[in-house]
Amino acid sequence: MTEPVRVVLAGAHGHGWWHMENLRRLSAAGTVELAGVCDVRPVEGLPDGVAFSGDLVELIGRTGAEAAILCTPIHTHADLAVRALRAGAHLLLEKPPAAAYDGYERIAAAVRETGLACQVGFQSLGSEAVPAVRKLVRDGAIGRVTGIGAAGAWARPHSYYSRVPWAGKRRVDGVDVVDGVLTNPLAHAVATAIAVSGAEVESVEVELYRANAIEADDTSSARLRMDDGTTITVAVSLCADRRHEPYLIVHGETGRIRLTYTEDRVEFGGASATHPRADLLENLVAHIRGGADLLVPLERTAGFMRVLEAVRLAPEPRVIPDAFQEVGAEQRVLPGIAGITAASAERMALYSELGVPWALDAVAPPVPVPASVPVPVPVSAPASGPVPAPAAIVPAGAAATPASGPATGSADTAGSAVGLDVGGVRVAEYVIRPRLPVTSSPRPYLHPVRTLSGTVVTEFAPADHVHHLGVSVAVSDLGGGNFWGGRTYVRDRGPAWLGDHGSQHHLAFLRHDPAGFTETLSWRGPGGTEIAREEREVRAVELDGCWALDFSFTLTNLTGAPLAVRSSATKGRAGAGYGGFFWRAPGRTADREVFTEDAEGEERVHGSTAPWLALASPGWTLVFAQRSDPWFVRTAEYPGVGPALAWEKPLVIEEVLARRVVTVVADGRLGRVTAAALAEKAMT
């Protein structure tokens, strides 16, 4: 019979009670022996022979413990973990591993130094449901994964934040704690989504909010960009009216998988299966005694720690005004928050992108919202569960957009998106009926757009400009309406929120095949009046080892009077001539370069009239070609390119405006000669 592993428990109160019960269970089974308990407060009812100490290192030495369970306040994890490892004990370390990334690195260094094991207490990662989802993905059950959305809404009373001194704190006595909803209570949503992805975290955006009178976030959303091009969103809250089981949706080109990780339940294709879950302490014991692989070794939590670090370094959480809450004697509730988190998982959107009134200050000044505005409610349900649709939240002075539903007279029967294929490879999705806040000037857009190898080369609603929507036609001022999104530039005043946002509405497909389509759209001003009708033709064209997006649009003036296209530059903001076809590229700008046939760099290329322009990175190159307008280019602030319809003075549309832009989409960084040859070939 295998000798039981001697274990000490550090932190027996709070969640430590669960570990104590688990230790009793495994002791009865002969798997472990509880050798001692470490705590700063007395622990009643300890079994005979179990040592007690306030010094973990002393306790490990005195009992000869082979393993320690560390269930102490978050900000003590790093120091105690390093000390326990150096004292000779393997570790089961509660999540989060540390309160800062440098603490995680200190623990990792101690693991390498001692050769001992450190298992992290993300229980959901011990479930066979996670590899079951990954196998479905590998087997092609849902085609190429287009994103992973996570949602969770729990209820927490006021007493939850007064139970211990560090609860709901970002720091205590100047020491980081980071006890927010993303990093502690619903941290499993983040960790499980990363585990399902299997990729490395490349960048993190967070939006932190709080309804309770605490320091940390109790309602937050995050967007993770993974190194394989996958995007993960997480929307969580502790301000629901009751507990709603958290879950993930793995979105694919041909289907989706739902994982309710607290129940180890996987839903796919109308079927539901519940998978077994291994106990992490039992797994650690099996590792110690028999060399079994750890289920959650410390290095598996590096991606989660990058998210925690982004939360730690983020500005203080935004306060959600009481007007948007139900403030009770026992707890605070955000009405409809479960539906909002579900909408985030469905649409892969942050709170500020969903039109939620208390989140609008992420993209606009706070705006009073009438009490009659409905909260999100479920709409038609797909096979894997109901899809909530957030209500439109309309800022004062702006008209509601009906873009979330079919336009009147729509002649097609397609869903909310169509694909573009090149040689049987899906290279882009075109969203025809987006659900967007009115402040983003809702319009059809292309995202994600990919190279032939699958690298995503567009970005949707980034934190710096949430109204940038992959590839779209956007005009900052058409007949006095803002069809670009965000604030409107006012001469001698600067950017301002004017409630002047217009919208574009899909009417019908005149032609549609796997390589592209011809579409009609209605451009409607802030009052809902149609001011222009557009015919748009989009095609994906195969080239040598790459492909090209051939995008043309013809805009017909319906006003009966000259219709002016203006940019911010025409109103006095030098260089801000943006407006027309616009491509927002992904990522930061450190490794991006822009060049034409005879110029290089944003300063020289911006405003030029070269026949082609290339935006290149180590992994991809975009070569834009057109013959009509100066180039609007950004690389220092963000990567974005588009021809400028009104560079320095307004462009007046008497009857019709027509433009064509062809964009070569290639893997790898192209040189000037290759870019020029591809641009010429794509335009012929």
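What you see is a predicted model; the values in this text were computed from it and never measured.
When each of Leu23, Val8, Leu46, Ile69 is tested with Val37 by the rule side-chain contact (heavy atoms from CB on, under 4.5 Å), just one qualifies, namely Leu46.
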Next item on the list: Dump the intermediate steps for salt bridge (Lys or Arg N to Asp or Glu O under 4.0 Å) on Arg223 and Glu205, then the final yes or no.
Entry: CA-CA 5 Å; Arg223 177 179 286 121; Glu205 307 164 37; 3.5 Å; yes

Next item on the list: Run the numbers on Thr31 and Val5 for side chain to side chain contact (heavy atoms under 4.5 Å, CB included), then give the verdict.
Entry: CA-CA 7 Å; Thr31 304; Val5 172; over 6 Å; no

Checklist line | From CA spacing to verdict: side chain to side chain donor-acceptor pair (under 3.5 Å), Ser124, Thr192 | finding: CA-CA 7 Å; Ser124 63; Thr192 309; 2.7 Å; yes

Next item on the list: Go through Ser203 and Leu224 one step at a time and tell me if the side chain to side chain contact (heavy atoms under 4.5 Å, CB included) criterion holds.
Entry: CA-CA 6 Å; Ser203 65; Leu224 286 56; over 6 Å; no

Margin query: Set out, in order, the CA-CA distance, both residues' side-chain angles and the distance that settles side chain to side chain contact (heavy atoms under 4.5 Å, CB included) for Asp102 and Arg106, then state yes or no.
Written below: CA-CA 6 Å; Asp102 63 355; Arg106 287 171 51 212; 5.6 Å; no

Next item on the list: Could you walk me through whether Cys118 and Ile107 pass the side chain to side chain contact (heavy atoms under 4.5 Å, CB included) test, one step at a time?
Entry: CA-CA 9 Å; Cys118 179; Ile107 301 171; 4.3 Å; yes

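In this structure, the side chain of Asp217 does not engage the main chain of Ser220 through any donor-acceptor pair within 3.5 Å. Under the 3.5 Å distance criterion, the side-chain polar atoms of Glu207 are left unmatched by any main-chain donor or acceptor of Ala222. Without hydrogens or angle criteria, His251 side chain to Ala345 main chain gives a donor-acceptor distance under 3.5 Å. His77 places a side-chain N or O within 3.5 Å of a backbone atom of Thr72 that can act as its donor or acceptor partner. Formation of a donor-acceptor pair under 3.5 Å by the Arg258 side chain with backbone atoms of Ile249 is not found in this model. Put simply, the side chain of Glu128 never gets that close to the backbone of Arg277: no donor and acceptor are under 3.5 Å apart. No side-chain donor-acceptor contact under 3.5 Å links Arg332 to the backbone of Pro157. Put simply, the side chain of Arg6 never gets that close to the backbone of Leu34: no donor and acceptor are under 3.5 Å apart. Of the possible polar contacts, none joining the Asn212 side chain to the Ile214 backbone as a donor-acceptor pair under 3.5 Å is found. Under the 3.5 Å distance criterion, the side-chain polar atoms of Ser197 are left unmatched by any main-chain donor or acceptor of Ala193.
Salt bridge annotation for Arg256-Glu346: present, with a cationic side-chain nitrogen under 4.0 angstrom from a carboxylate oxygen. A salt bridge between Glu282 and Arg25 is present, with a side-chain N of the basic residue lying under 4.0 Å from a carboxylate O of the acidic one. With respect to the salt-bridge test (charged N to carboxylate O, under 4.0 angstrom), the residues Arg171 and Glu316 qualify. Under a 4.0 Å N-O distance rule, the pair Glu215/Arg170 does not qualify as a salt bridge. A salt bridge is defined here as a Lys NZ or Arg NE, NH1 or NH2 lying under 4.0 Å from an Asp or Glu carboxylate O, and Arg156 with Glu330 fails to meet this definition. Salt bridge present: Arg312 and Asp176 bring a charged side-chain N and a carboxylate O closer than 4.0 Å. With respect to the salt-bridge test (charged N to carboxylate O, under 4.0 angstrom), the residues Glu309 and Arg306 do not qualify.
The environment of CD in Glu21 is crowded: more than 12 heavy-atom neighbours from other residues, nucleotides or ligands sit within 6.0 Å. Around atom CG of Asp173, no more than 12 heavy atoms belonging to other residues, nucleotides or ligands sit under 6.0 Å away. The number of heavy atoms from other shown groups lying within 6.0 Å of CG (Asp139) is above 12.
Inspection of the Ser53 and Glu58 side chains reveals an N or O donor paired with an N or O acceptor under 3.5 Å. Under the 3.5 Å distance criterion, with hydrogens and angles disregarded, a donor-acceptor pair is assigned to the side chains of Asp39 and His13. Side-chain contact of Thr274 with Asp264: a donor-acceptor pair under 3.5 Å is absent, judged by distance alone. Between Gln331 and His158, the side chains place no donor N or O within less than 3.5 Å of an acceptor N or O (distance only, hydrogens not considered). Side-chain atoms of His19 and Glu94 include a donor-acceptor pair closer than 3.5 Å. With no hydrogens or angles considered, a side-chain donor-acceptor pair links Asp228 and Thr230 at under 3.5 Å.
Taking OG1 of Thr455 as the reference point, atom CH2 of Trp620 lies at 10.0 Å (rounded to 0.5 Å). Note that the CG atom of Leu91 and the CG atom of Leu298 stand 9.5 Å from one another [nearest 0.5 Å]. A distance of 9.0 Å separates CG in Asn22 from CG in Leu92, rounded to the nearest 0.5 Å. Distance check, rounded to the nearest 0.5 Å: NZ of Lys169 to NE2 of His75 gives 9.5 Å. Taken to the nearest 0.5 Å, the CD atom of Glu267 stands 9.5 Å off from the CG atom of Leu259. For the atom pair CG of Leu238 and OH of Tyr161, the computed distance is 4.5 Å after rounding to the nearest 0.5 Å.
Considering every non-hydrogen atom in both Leu182 and Phe304, the closest pair reads O-CE1, 3.9 Å. Contact record, Ala153 with Ala338: CB-CA, 3.9 Å, taken as the closest heavy-atom pair. Taking all atoms of both residues into account, the shortest heavy-atom contact from Val172 to Pro165 is CG2-O, 4.5 Å.
Residues passing the side-chain contact (heavy atoms from CB on, under 4.5 Å) test with Ser162, sequence neighbours excluded: Ser159. Scored by the side chain to side chain donor-acceptor pair (under 3.5 Å) test, Arg243 finds Glu245 as partners (sequence neighbours excluded).
Leu125 has its side chain out of reach of Leu295: every pair of non-hydrogen atoms, C-beta onward, lies at least 4.5 Å apart. Side chains of His275 and Val133 form no contact here, defined as non-hydrogen atoms less than 4.5 Å apart. Residues Arg225 and Glu459 meet the side-chain proximity criterion, which asks for heavy atoms closer than 4.5 Å. The shortest side-chain heavy-atom distance between Leu136 and Ile142 does not fall under the 4.5 Å cut-off. Side-chain contact between Tyr261 and Pro246: present, with at least one pair of heavy atoms (C-beta onward) separated by less than 4.5 Å. Between Val164 and Pro73 there is no side-chain heavy-atom pair separated by less than 4.5 Å. Side-chain atoms of Leu208 and Arg318, non-hydrogen and from C-beta on, never get closer than 4.5 Å to each other. Side-chain contact check for Leu56 versus Leu70: some heavy-atom pair is nearer than 4.5 Å.
A tilted orientation is assigned to the rings of Tyr104 and Tyr101, their planes being inclined by 30° to 60°. Ring geometry, Trp358 versus Tyr209: the interplanar angle exceeds 60°, so the pair is classed perpendicular (tilted spans 30 to 60°). Aromatic ring orientation, His287 versus His90: perpendicular (interplanar angle above 60°, classes split at 30° and 60°).
Because its NZ or CZ atom is both nearer than 6.0 Å to the ring centre of Trp166 and within 45° of the ring axis, Arg163 counts as a cation-pi partner of that residue.
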